[in-house]
Amino acid sequence: MNILITGGAGFIGSNFAIYMINTYPEDRFVILDKLTYAGNLENLKGVEDAGNYKFVKGDITDPVLLQKVFKEEAINTVVNFAAESHVDRSITGPAEFIDTNIVGTFTLLEAARKSWQERSSMEGVRFLHVSTDEVYGSLGKTGLFTETTPFSPNSPYAASKASSDHLVRAYHHTYGIPVVTTNCSNNYGPYQFPEKLIPLMVLNAFKGKPLPVYGDGKNVRDWLYVEDHCRAIDLALRNGRLGETYNVGGNNEWKNIDIVNLLCTQVDEACASDTELSGKYPFKGSRKELITFVKDRPGHDMRYAIDSTKISEELGWSPVESFETGLKKTIDWYINNEPWWERILSGEYARYYESQYGTGL
Ligand code: NAD
Ligand code: TYD
């Protein structure tokens, strides 16, 4: 396969690219990424010497570039991660979410359609669209999102992803493009940009800074280790039924406040067991004292939880990482990769943060 991975320098995209390049040395990979604030070529350092991979800096809203890449690289498979992905940013600045998530997905579908319709058949081509459970809206105390739950997106981010999911569906129905969509719950793991809950709390806990919990902290998310998500996408890409969507989740519901408490315990323990670390990140007492309840996110969805029965029964997928071990691995990764996150915290992100929140990081 000649596989185009868009957004492959971001959090999930880079984890997926590394996994795929190492697992399938016989396939060829082109990673296309605009390198926005969230894209980082350092994420791909581990595979830079791999002979089966090429990086292209580019925007999925650029039809001329996409046409060139499809043609020159004979792309027959697309995995679309490229997106603006942070709900809070979509509230303060929705325009980029419309451009990339909606217009970008449309432009990518058009490039695939034009390129693949020149073939004698759609045999051997595939477009996998990576999406989120947030398209379904918010759950009450009970119930799970299934593939037939009606879309009810609440944030500009969720609405833009829902729109992209509809376009992907329509390109299958109307033009016969062989598509599969995955809708996944919240991911965590290495290379996650430190504006998202888990890395933000871990880094603030290292540095003894306040841990800002929105509202009362009782909102619930269903957390999945990023490698489990990557395996699900790979299975859906290879064996998923065309035109279908697959929900992917960790069967792992946590209230935000409980996660933050657990992270504090794990960071305290990591520092207590390592004198070099406790010297670098000194803190007296429990880091739980740093928890600070702050103004809630506007329109904050209460609860997400996924029913993964379909992907489990049809494709044999289930998560393998437990939350405790996954979090520990994640904290260790941030401990061992300080230059990665220090560069982020001292660069463009620091200036953005100050402009949004009026204080430094
Ligand atoms: P991310 O923000 O870490 O990475 C997004 C990547 O897309 C970045 O590398 C960025 O440079 C690139 N990009 C942005 N605009 C682009 C454009 N116009 N053209 C080309 N590249 C562009 O996001 P993530 O958390 O890795 O999410 C990846 C995908 O997975 C998204 O589609 C997101 O909706 C979906 N998803 C994320 C989660 C999660 O918990 N993070 C859960 C379910 C689904
Ligand atoms: P986030 O990681 O932004 O993912 P999403 O909004 O896509 O679910 O947030 C996860 C949860 O954590 C969400 O309920 C909002 C909450 N949250 C905080 O309480 N404090 C924070 O600083 C952040 C970033 C998120």
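By convention here, the first residue in the shown sequence is residue 1. Ligands are counted one by one from 1 in listed order, and the atoms in each one are counted from 1 as well.
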Review point. Glu110 and Arg113: salt bridge (Lys or Arg N to Asp or Glu O under 4.0 Å), yes or no, with the steps?
Key: CA-CA 5 Å; Glu110 273 292 273; Arg113 178 173 79 85; 2.8 Å; yes

Does the structure place the NZ or CZ of [X] under 6.0 Å from the centre of the six-membered ring of [Y], at an angle of no more than 45° from the ring's axis?
{"X": "Arg238", "Y": "Tyr24", "result": "yes"}
{"X": "Arg303", "Y": "Phe145", "result": "no"}
{"X": "Arg221", "Y": "Tyr188", "result": "no"}

Check your understanding: Do we see a donor-acceptor contact under 3.5 Å between the side chains of Asp301 and Tyr304?
Key ->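 Yes, side-chain donor-acceptor contact under 3.5 Å.
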
Check your understanding: Around ligand 1, what residues show up once you keep those with a heavy atom under 4.0 Å from it?
Key -> Gly7, Ala9, Gly10, Phe11, Ile12, Asp33, Lys34, Leu35, Thr36, Ala38, Gly39, Gly58, Asp59, Ile60, Phe81, Ala82, Ala83, Ser85, Thr100, Val130, Ser131, Thr132, Tyr157, Lys161, Cys184, Ser185, Asn186, Asn187

Ligand 2 polar-atom proximity to protein (N/O, under 3.5 Å):
from	atom 1	to	atom 2	distance (Å)
ligand 2	2 (O)	Leu197	N	2.9
ligand 2	3 (O)	Arg297	NH2	3.1
ligand 2	4 (O)	Asn186	ND2	3.3
ligand 2	6 (O)	Arg297	NH1	2.6
ligand 2	6 (O)	Arg297	NH2	3.2
ligand 2	7 (O)	Glu134	OE2	2.6
ligand 2	8 (O)	Asn186	ND2	2.9
ligand 2	8 (O)	Arg221	NE	2.8
ligand 2	12 (O)	Asn256	ND2	3.4
ligand 2	14 (O)	Arg221	NH2	3.2
ligand 2	14 (O)	Asn256	ND2	2.9
ligand 2	14 (O)	His300	NE2	2.7
ligand 2	19 (O)	Tyr214	N	2.9
ligand 2	20 (N)	Pro212	O	2.8
ligand 2	22 (O)	Pro212	O	3.3

Check your understanding: What pairs of residues pass the salt bridge (charged side-chain N to carboxylate O under 4.0 Å, His left out) test when at least one of them lies in residues 322-334, not counting sequence neighbours?
Key ->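 Non-adjacent pairs meeting salt bridge (charged side-chain N to carboxylate O under 4.0 Å, His left out): Glu321-Lys329, Lys328-Asp332.
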
Review point. Counting N and O atoms only, with roles assigned by atom type, does the side chain of Asn80 sit under 3.5 Å from a partner on the main chain of Val130, one being a donor and the other an acceptor?
Key: no

List the atom pairs, donor and acceptor, that lie under 3.5 Å between side-chain atoms in residues 211-218 and the rest of the protein, sequence neighbours left out.
from	atom 1	to	atom 2	distance (Å)
Tyr214	OH	Asp88	OD2	2.6
Asp216	OD1	Lys218	N	2.9

Review point. Less than 4.0 Å between a side-chain N and a carboxylate O, is that true for Lys54 and Glu48?
Key: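 No, this pair does not count.
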
